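Only a predicted model underlies this, so the values are computations on that prediction, with no experimental measurement involved. One-based numbering, in listed order, for ligands and for the atoms of each.
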Amino acid sequence: SSPDPEAYMSTMDLIRYWGYPVESHDVQTADGYILSLFRIPFGRFSDRNSSCHRPAVLFVHGLGAGASEFLMNPPESCPAFLLADAGFDVFLMNHRGTTYSKRHITLKPWDNKFWQYTIDELVKYDMPPVIDKAIELSGQSSLYWIGHSQGTAVGFMTPADHPQYNQKIKALFQLAPAASGGYAQGLIKIGFWAYANLKPVVDFYRIAFGSHEIAFQWSFIYRPLVRLCNIIPFATPICDSATHLLFGPSTRTLNITRAPVYLSHTPSGMSTWIALHWAQMSSHKRVEHMDHNPLENIQRYGQEKPPPYDYSKIDVPIYYFWSKSDWLGTPEDIERILLKTLRPDVVKGAIEVDGYNHIDYVVSTDCAEKVFKPITDIVRKQESNMCEK
Ligand SMILES: *[C@@H]1O[C@H](CO)[C@@H](O)[C@H](O)[C@H]1NC(C)=O
Ligand SMILES: *[C@@H]1O[C@H](CO)[C@@H](O)[C@H](O)[C@H]1NC(C)=O
C-alpha cells in the first residue's frame, strides 16, 4: 500500500475519495474541441434537500496545469473542497490540450494541428461555452471566477474580448495575477531570454516542428523521482530549490512530503504555441494577441502587428491576491502593466498574501485562512440565503 493513494487516482476518483459528489460534463467549442467540465454540486455535509442558495463558482487553472491543481490537498487546505463545503456549486474547467480535454471532433492529439492554439483560442473558444454550460447547470445567470496564474489572464481577457460576458461574471478572484509575465524571476526567465535573444532558432523550431505537446503528465516518471525528495536526506534541499527556482522562495507551508501527489496530477500538458505566446508577451511587456507572422496577422487581425487586449472593456469587480515572493505574477507586472490598463473603478480589492510563492495559493497548507476564507467572506456579504453559514 502506498503512502499517497491520491498519487494513483484520476481527478474524478480523487474527488470521490474525499467523499464529495462529482459530475463531468462535455463542452464542445466552436472550433471542435471537447472539454471536460467537472462539477462538485455539494459539500461533504450539505443538506441536499434544502432550498438554500449555492452560488456558482468556476475555477480556471494555470499554464501546464488542469482542474486537478485545485484538488490536490486534503479538504482543510484544498481550494475546490473548501468552496464546496462553504456552500458553493463548484465548477472546474480543463482547457484544451490538458489531461481531460484531449479530444476534438476530427483532430487527434497526435496531429500537429490539434496543438495549434495560443491563449487567444482559450479566450475566444474555450471560455464562452464553458461559462454558459456552468451557468445552465447551476440554474443561475452568472458565476464567480477564481483564476490562478494564466487562469487570471484568461479571466481578464474573456470579458475584454467578449464584453457580453461582463454580465455573466459576478466577480473575478485573481490569485497570482498574470499580466504580461514580463518581470518574471528564476528559471522561467531563461526561457523568456532565449525567446528574445535567439529568435532565429525559435522561428526555425516553429517552422520545422509546428506546434506540439509539451509539459506532459508523466506521473510514472515524476512520481518516483519526487519520492526521492523524501527518501534521500540530501535530496530534500534539491527539491526545495527546484520549487524555489521555478515559483519563488518556498514557504514552510508547502507540504513537500505530498510532492508525489502534486507531480502525479501536474503538469498536465500544453502546446508549444502557448509557451511562445507567453514568451512573446513577456518580452514585449504587453498583453496582446499571438504574433504569428505579418501575413497571417493580416488575415487574423487585419493588421501586421498583433493587437493588444483592451482591458478597459472589463466591467467586472476584481479582487486580486498577490505577494512579493511570487516570481511569476510579480508586483512589477501588476503595477506597471495590469493596473495601467484596468479601469480603476473595477478594482475592488488587492489582498497581499505575505510570503506566498506562485503555487502556494493552490497548495499551501494555510490557503484556507489566507485566500479562500477571505473570498467566501466577500461573497457572503453580497449573496442572501447561502447554504452553509
Ligand atoms: C431528500 O429528498 C428525497 C426525495 O425527495 C428523500 O427521499 C430524502 O429522504 C430526503 N432527505 C433528507 C435528508 O431529507
Ligand atoms: C502532508 O502530506 C502528507 C502526505 O500526503 C499527508 O499525509 C499529510 O496529511 C499532509 N499534511 C497536511 C497538513 O496537509
Side-chain angles (χ1 to χ4, degrees), residues 1-20 22 38 40 43-45 59 61-62 64-86 88 90 92 99 146 148 175-176 217-244 246-268 321 323 325-326 353-376 388:
S1 72
S2 147
D4 293 307
E6 303 101 298
Y8 298 87
M9 293 176 189
S10 69
T11 301
M12 297 268 285
D13 286 341
L14 195 84
I15 297 170
R16 291 189 197 103
Y17 172 77
W18 290 108
Y20 292 82
V22 59
F38 297 152
I40 306 175
R44 281 172 299 175
F45 313 111
F59 280 93
H61 63 80
S68 54
E69 76 158 338
F70 301 107
L71 291 158
M72 300 187 295
N73 271 355
E76 309 69 55
S77 55
C78 172
F81 295 155
L82 285 165
L83 273 274
D85 285 338
F88 286 79
V90 175
L92 301 121
T99 305
I146 299 183
H148 174 233
L175 319 180
Q217 179 168 355
W218 274 347
S219 48
F220 58 99
I221 293 178
Y222 303 135
R223 193 170 40 218
L225 209 61
V226 294
R227 190 149 284 144
L228 297 178
C229 297
N230 303 323
I231 297 171
I232 308 174
F234 67 79
T236 312
I238 300 175
C239 301
D240 263 342
S241 317
T243 317
H244 184 157
L246 280 168
F247 305 113
S250 54
T251 42
R252 290 303 106 211
T253 51
L254 174 69
N255 186 357
I256 199 85
T257 58
R258 215 171 159 72
V261 179
Y262 302 149
L263 271 286
S264 300
H265 294 276
T266 50
S268 29
F321 291 70
S323 157
S325 305
D326 185 343
V353 191
D354 202 28
Y356 264 24
N357 68 32
H358 199 65
I359 53 167
D360 280 323
Y361 299 89
V362 290
V363 291
S364 199
T365 50
D366 65 355
C367 70
E369 172 207 332
K370 297 278 182 61
V371 178
F372 297 98
K373 173 103 179 18
I375 290 178
T376 51
E388 326 300 334

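Here CZ of Phe38 is found 13.0 Å from CZ of Phe70. Values are rounded to the nearest 0.5 Å.
Ligand 2 has no nitrogen or oxygen under 3.5 angstrom from a nitrogen or oxygen of Ser77.
Checking atom 11 (N) of ligand 2 against the protein gives a heavy-atom contact under 4.0 Å. Atom 5 (O) of ligand 2 lies below 4.0 Å from at least one non-hydrogen atom of the protein.
In the model, Tyr20 has a side-chain atom that pairs as donor or acceptor with a side-chain atom of Asp85 under 3.5 Å. Asp366 and Tyr356 share a side-chain donor-acceptor pair at under 3.5 Å.
Among protein heavy atoms, atom 8 (C) of ligand 2 sits closest to Asn255 ND2, 3.7 Å. The protein heavy atom nearest to atom 9 (O) of ligand 2 is Pro74 CG, 4.5 Å. Protein heavy atom in closest approach to atom 7 (O) of ligand 2: Arg258 NH1, 4.9 Å. With hydrogens left out, the protein atom closest to atom 13 (C) of ligand 2 is Thr365 CG2, 3.9 Å, a heavy atom.
In this structure, Asp326 and His358 approach most closely via the heavy-atom pair OD1-ND1, 2.8 Å. Met72 and Cys78 get closest at one heavy-atom pair: N-SG, 4.4 Å.
Remark: ligand 2 atoms within the under-4.0 Å shell around heavy atoms of Asp4 are 4 (C), 5 (O).
The backbone N or O of Thr253 sits less than 3.5 Å from a side-chain atom of Thr365, completing a donor-acceptor pair. At least one donor-acceptor pair under 3.5 Å links the side chain of Ser268 to the backbone N or O of Gly66.
Distances from ligand 2 to the non-hydrogen atoms of Val261 include no value under 4.0 Å.
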